[in-house]
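Quick note: numbers below take in every heavy atom, side chains included, and nothing from hydrogens, waters or symmetry partners.
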Amino acid sequence: MSILNELTELVIKGDVNGTPAKVQEAVDQGLDAQVILNEGLMPGINEIGDRFSKGQIFVPNVLVAAKAMNAGVDVLKPLLEGGGDTTIGTAVAATVKGDLHDIGKNLVCLMMRSANLKVIDLGANVSAEKYIEAIKEYKPDVVVMSALLTTTMNEQGRTIQALEEAGVRDQVKVMVGGAPVTQEWADKIKADAFTADAAEAANWAKEYVLSK
Ligand code: B1M
């Protein structure tokens with residue numbers, strides 16, 4: 001079994017100690033951090049999602065797999081963040097209210113930092129009020145709203161609406177993403193950008209900030 005397949009299996013097993021240790025081994029063998037993420041860790045968490053939706057496993061299994069995945073990503077952080085000392089702009093990022101999924105949002109933060117953006121990570125389950133406070137305090141260029149549930153996608157729309165009502169909507173570009181989110185949805189809720197993955201999100205933010 002290749003080391004990437006071994007990593008996938010460790011995430012599926014929810015091995016919180018084995019996963020970061022194996023990621024380190026892969027790094028030491030000279031594998032690229034993006035390859036480790038995309039071809040080792042991601043297939044594991046995706047398989048967990050498939051098994052969960054088929055009713056083959058339950059929430060506790062998903063939770064330990066997510067912990068293992070996060071522990072693996074932590075090892076890759078310094079390699080993915082890379083970047084330089086220059087800060088080109090600021091982003092405020094969070095997963096919207098009612099949604100606890102933070103792995104994708106964490107990757108977006110990571111990739112944005114690697115694109116030399118300063119990122120204020122508000123965490124998961126973040127209310128519109130907290131977004132508004134953060135916009136007033138940090139004056140970001142872009143605001144990231146992640147949602148992984150079809151139900152919390154609606155919260156992205158409500159949060160944008162709240163930004164409008166608070167008079168801060170025009171001060172920022174709102175970027176939305178997350179597995180169920182589409183360009184069509186982004187247009188409907190009047191977001192400024194939809195990006196399908198973390199690297200694309202970082203690119204969009206970077207290009208926008210540099211074009212200002
Ligand atoms: Co949940 N969960 N979960 N879960 N979970 C999903 C999302 C689900 C699809 C599983 C399934 O049924 N197949 C399903 C949603 C169904 C739906 O709404 N249509 C689901 C469900 C139902 C639930 C609960 C309701 C289960 C329950 O309690 N009965 C519950 C809800 C809790 C809540 O949030 N209120 C729940 C709970 C959990 C855990 C807490 C156990 C755990 C999360 C732990 C954590 O995040 N710390 C969890 C997990 C791990 C998953 C799956 C298996 C994996 C999600 C993930 O991290 N993927 C997921 C199934 C799946 O997605 N395959 C599932 C890896 C991550 C890198 O991908 O987040 O998509 P993702 O991010 C991508 C892109 O989407 C994009 O970039 C990343 C790639 O580079 N991206 C952005 C993300 N955010 C972005 C923002 C941007 C741009 C791009 O802004 C610009």
Side-chain angles (χ1 to χ4, degrees), residues 34 37-38 42 70 73 77 80-212:
Q34 284 289 352
L37 177 66
N38 294 329
M42 291 286 287
N70 270 332
V73 171
K77 241 183 201 172
L80 292 172
E81 267 176 2
D85 295 333
T86 345
T87 299
I88 59 168
T90 303
V92 158
T95 308
V96 295
K97 189 175 155 191
D99 199 321
L100 302 174
H101 298 85
D102 67 356
I103 299 176
K105 181 268 300 168
N106 291 345
L107 286 179
V108 172
C109 292
L110 204 61
M111 297 309 290
M112 284 194 171
R113 287 187 181 120
S114 99
N116 291 335
L117 284 134
K118 176 181 170 189
V119 181
I120 316 296
D121 181 357
L122 303 178
N125 190 19
V126 170
S127 65
E129 292 70 31
K130 284 212 175 120
Y131 270 107
I132 292 163
E133 274 168 31
I135 291 170
K136 288 181 178 164
E137 183 175 351
Y138 300 106
K139 305 199 176 3
D141 303 282
V142 298
V143 169
V144 171
M145 297 180 191
S146 178
L148 263 285
L149 300 169
T150 40
T151 46
T152 55
M153 281 167 69
N154 293 312
E155 190 59 31
Q156 291 179 323
R158 279 195 286 273
T159 306
I160 292 177
Q161 182 73 39
L163 260 52
E164 252 164 44
E165 285 160 14
V168 297
R169 174 66 183 90
D170 293 341
Q171 297 169 20
V172 294
K173 291 288 179 199
V174 174
M175 304 177 65
V176 292
V181 179
T182 59
Q183 182 63 57
E184 200 185 0
W185 176 250
D187 294 341
K188 188 171 174 195
I189 61 173
K190 300 193 176 76
D192 297 299
F194 158 72
T195 51
D197 64 36
E200 221 184 280
N203 268 339
W204 193 95
K206 182 178 173 182
E207 277 175 23
Y208 164 65
V209 169
L210 293 178
S211 72
K212 268 176 91 178

Looking at every heavy atom in both Val96 and Gln156, which two are closest together, and how far apart are they? CG1-CG, 4.0 Å
Determine the minimum heavy-atom distance between Lys206 and Ile88, stating which atoms define it. CG-CD1, 3.7 Å
Heavy-atom closest contact (Cys109 atom, Ala93 atom, distance): SG-CB, 3.8 Å
Could you grab the distance from atom CG of Leu110 to atom CG of Leu37, nearest 0.5 Å is fine? 8.5 Å
Note, Ile132 side chain near Leu163 side chain (heavy atom, < 4.5 Å): yes
Interatomic spacing from CE in Met153 to CG in Asp99 - rounded to 0.5 Å: 11.5 Å
Only residue of Lys212, Lys173, Lys118 satisfying salt bridge (charged side-chain N to carboxylate O under 4.0 Å, His left out) with Asp141 is Lys212
What residue among Thr159, Val168, Val144, Val174 forms side chain to side chain contact (heavy atoms under 4.5 Å, CB included) with Tyr131? Thr159
Does Glu155 come within less than 4.0 Å of Arg158, counting only side-chain N to carboxylate O? yes
Residue pair Met112 / Ala201: nearest heavy atoms and the distance that separates them: CE-O, 3.7 Å
Val176 and Ala191 have their tightest heavy-atom pair at CG2-CB, 3.8 Å
Neighbour count above 12 (heavy atom, 6.0 Å) for Asp187 CG: yes
List the steps, then state whether side-chain contact (heavy atoms from CB on, under 4.5 Å) holds for Asn106 with Val73. CA-CA 9 Å; Asn106 291 345; Val73 171; 5.9 Å; no
Spatial distance of atom CD1 (Ile160) from atom CE (Met145) [nearest 0.5 Å]: 5.0 Å
Note, Met111 side chain near Gln34 side chain (heavy atom, < 4.5 Å): yes
Can you confirm whether Val108 sits close enough to Thr195 that some side-chain heavy atom of one is under 4.5 Å from a side-chain heavy atom of the other? no
What's the spacing between Leu107 CG and Ser114 OG if we round to 0.5 Å? 11.0 Å
Regarding Asn203 and Glu207, is there a side-chain donor-to-acceptor distance under 3.5 Å anywhere? no
Note, Thr90 side chain near Ile120 side chain (heavy atom, < 4.5 Å): yes
Salt-bridged, Arg169 to Asp192, with N to O below 4.0 Å? yes
Only pairs at least two apart or in different chains count here, so list each ring pair (Phe, Tyr, Trp, His ring centres under 6.0 Å) that has a residue in residues 172-212. Trp204-Tyr208
Looking only at heavy atoms, which two atoms of Gly98 and Leu149 are closest? And how far apart? O-CD1, 4.2 Å
With sequence neighbours excluded, residues passing side-chain hydrogen bond (donor to acceptor under 3.5 Å, both in side chains) with Asp121: Lys105
From OG1 (Thr95) to CG (Asn125), nearest 0.5 Å: 9.0 Å
Give the C-alpha distance, both sets of side-chain angles, the deciding distance and a yes or no for side-chain contact (heavy atoms from CB on, under 4.5 Å) between Asp102 and Asn70. CA-CA 9 Å; Asp102 67 356; Asn70 270 332; 3.9 Å; yes
